[in-house]
Amino acid sequence: MERYAINGGKPLYGEVCISGAKNAAVAIIPASLLVDGPCRIENIPNISDVISLKYILTYLGATIKYESNNENAMIIDTSGVNSYTATCDRVKNLRASYYLLGALLGRFKKAEVVFPGGCDFGFRPMDQHFKGFEALGAKVKVEHGIIKVSADRLKGSRIYLDVVSVGATINLMLAAVKAEGVTIIENAAKEPHVVDVANFLNAMGAKIRGAGTDVIKITGVPVLRGRATYSIIPDQIEAGTFMIAAAATKGDVTVRNVIPKHMESLSAKLMEMGIEVIQGEDWIRVKYNGQINKVSIKTLPYPGFPTDLHPLTAVLLCLADGTSTITEGVWDSRFQYVDELKRMGALIKVEGRMAVIEGVGKLTGAPIKATDLRAGAAMTIAGLCAEGHTEVFDVKYIDRGYEKFDTKLRSLGADITRVTD
Ligand code: EPZ
């Protein structure tokens with residue numbers, strides 16, 4: 001069991017470099033199953049979800065090597081993969097295991113993957129993934145906790161997603177890139193990591209157009225060849241995490257290696273709160289200016305306010321002047337963080353999908369736990385801005401999506417240490 005021991009009340013100052021995007025990396029690594037020959041991918045975050053996927057692909061027969069003295073660059077050669085069955089335990093460690101379905105189906109016309117794991121936000125259906133696979137000509141069945149997909153032929157089709165789904169959009173791109181003919185995905189997700197996966201596949205010879213809009217057109221090609229090096233985009237949610245931490249600790253932090261356009265919804269909300277936000281070409285500076293105004297936020301698919309920043313923003317709003325609200329527009333239940341914050345003096349009421357957050361002026365340190373990846377990051381920020389000592393338990397959740405999180409925070413002046421019991 002590992003935990004963070006934090007002494008709060010210290011503003012964060014300085015600069016921090018943002019790592020590669022988790023939700024792009026966990027899709028691009030399985031996507032390499034569609035590529036003939038080795039491909040080199042850089043700016044991969046060194047996080048446990050990536051390590052799990054490295055293990056799973058190796059288990060399937062791939063050879064994956066980190067570049068010498070560069071833990072953020074991998075050379076992946078999947079030519080040795082001769083199995084379409086991903087049923088090892090690690091598959092349950094992460095939600096992104098579902099991408100093995102689209103990638104293995106696209107390569108072998110067959111895939112068998114145990115149900116994925118991931119953060120618990122209530123029911124996380126996959127009906128849109130299955131609807132898309134069937135539209136491409138595959139049969140889908142679930143037996144003994146294993147999702148089995150198979151097709152004699154994969155033929156392009158027009159697929160309308162009933163729900164805007166990041167996972168389904170990417171999974172169907174993976175299944176369709178080598179299908180016969182043209183596939184159109186309508187009502188597609190537009191997240192930056194959806195675009196990054198499309199750009200990776202196109203760099204390897206795919207023909208995908210429209211990623212980043214709600215209509216994506218995929219023209220099937222017979223082969224994808226490992227050609228260029230592909231560099232993963234910066235992590236929008238990690239960048240947002242440090243921007244919020246700067247404001248919540250009343251500090252002044254510049255996040256580097258970011259794409260400001262990806263941060264627009266958060267930057268706008270921080271400015272609405274009275275926080276100073278200055279942006280450059282690949283950096284954003286966030287500076288506390290003596291106030292945190294109350295606001296109302298609704299989380300939505302991109303370009304709306306990211307659901308993954310919901311718990312983190314809730315911590316900041318505990319310190320605002322007045323009552324704020326966050327309405328969760330993506331997940332049925334993403335409020336597990338509320339009970340943990342209440343231990344620190346937060347006054348939050350959950351009414352349906354809305355959190356009503358009183359500005360209590362300050363939080364006090366307490367023993368709390370990470371209930372999922374982003375809630376864990378939120379609890380850490382709560383400890384940083386609280387008065388007194390905080391212990392955050394179950395930091396393994398945080399390791400899934402943040403590279404060197406406590407190291408980066410210490411470089412900004414945080415009094416945080418990682419303790420192994
Ligand atoms: C991805 O999850 C991310 N995970 C999540 O980030 C993120 O919260 C989510 O997208 C939304 O942005 C990864 O990329 C690995 P969805 P995913 O399919 O793909 C419903 C993190 O912290 N839905 O976009 O599982 C679903 O219930 C994680 O990095 C269906 O109804 O999310 C939800 O209400 C946490 N049927 C909504 O769509 C389906 O077949 C959005 O889900 C699929 C989804």
Can a donor-acceptor pair be found, under 3.5 Å and without considering hydrogens, that links the side chain of [X] to the backbone of [Y]?
X: Arg256; Y: Asp282; answer: no
X: Arg418; Y: Val395; answer: no
X: Lys148; Y: Lys110; answer: no
X: Ser48; Y: Asp399; answer: yes

TODO: Tell me, with the steps shown, if Val315 and Ile244 meet side chain to side chain contact (heavy atoms under 4.5 Å, CB included).
DONE: CA-CA 9 Å; Val315 173; Ile244 292 167; 5.9 Å; no

So, [X] and [Y]: side-chain donor and acceptor under 3.5 Å apart, yes or no?
X: Ser19; Y: Glu403; answer: yes
X: Glu272; Y: Asn293; answer: no
X: Asp196; Y: Tyr230; answer: yes

Is the closest basic N to carboxylate O distance between [X] and [Y] below 4.0 Å?
X: Glu67; Y: Arg40; value: yes
X: Arg334; Y: Asp308; value: yes
X: Arg353; Y: Asp332; value: yes
X: Arg343; Y: Asp339; value: no
X: Arg400; Y: Asp49; value: yes
X: Arg158; Y: Glu186; value: yes

Heavy atoms only: give me the nearest [X]-[Y] pair and the separation to one decimal.
X: Ala247; Y: Ile275; value: CB-CD1, 3.8 Å
X: Val164; Y: Ala189; value: CG1-CA, 3.7 Å
X: Thr249; Y: Ala246; value: OG1-O, 3.3 Å
X: Cys88; Y: Tyr55; value: SG-CE2, 4.2 Å

For [X], does the [atom1] atom sit with more than 12 other heavy atoms under 6.0 Å from it, leaving out its own atoms?
X: Lys294; atom1: NZ; result: no
X: Glu351; atom1: CD; result: yes
X: Lys131; atom1: NZ; result: yes

Open item on the list: In terms of relative ring orientation, are Tyr402 and Phe405 parallel, tilted or perpendicular, with 30° and 60° separating the classes?
Closed with: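 Ring orientation, 0 to 90° scale: tilted.
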
Open item on the list: For a side chain to side chain contact (heavy atoms under 4.5 Å, CB included) check, start with the C-alpha distance between Leu341 and Ile357, then their side-chain angles and the critical distance, and finish with the verdict.
Closed with: CA-CA 11 Å; Leu341 282 184; Ile357 304 165; over 6 Å; no

TODO: Go through the steps for Val50 and Met74 under the test side chain to side chain contact (heavy atoms under 4.5 Å, CB included), then give the verdict.
DONE: CA-CA 11 Å; Val50 164; Met74 274 183 182; 3.6 Å; yes

TODO: Assert yes or no for the condition that the ring centre distance of Phe335 to His310 is strictly below 6.0 Å.
DONE: yes

Open item on the list: Is the positively charged end of Lys369 above the ring of Phe393, judged by distance under 6.0 angstrom from the centroid and angle within 45° of the axis?
Closed with: no

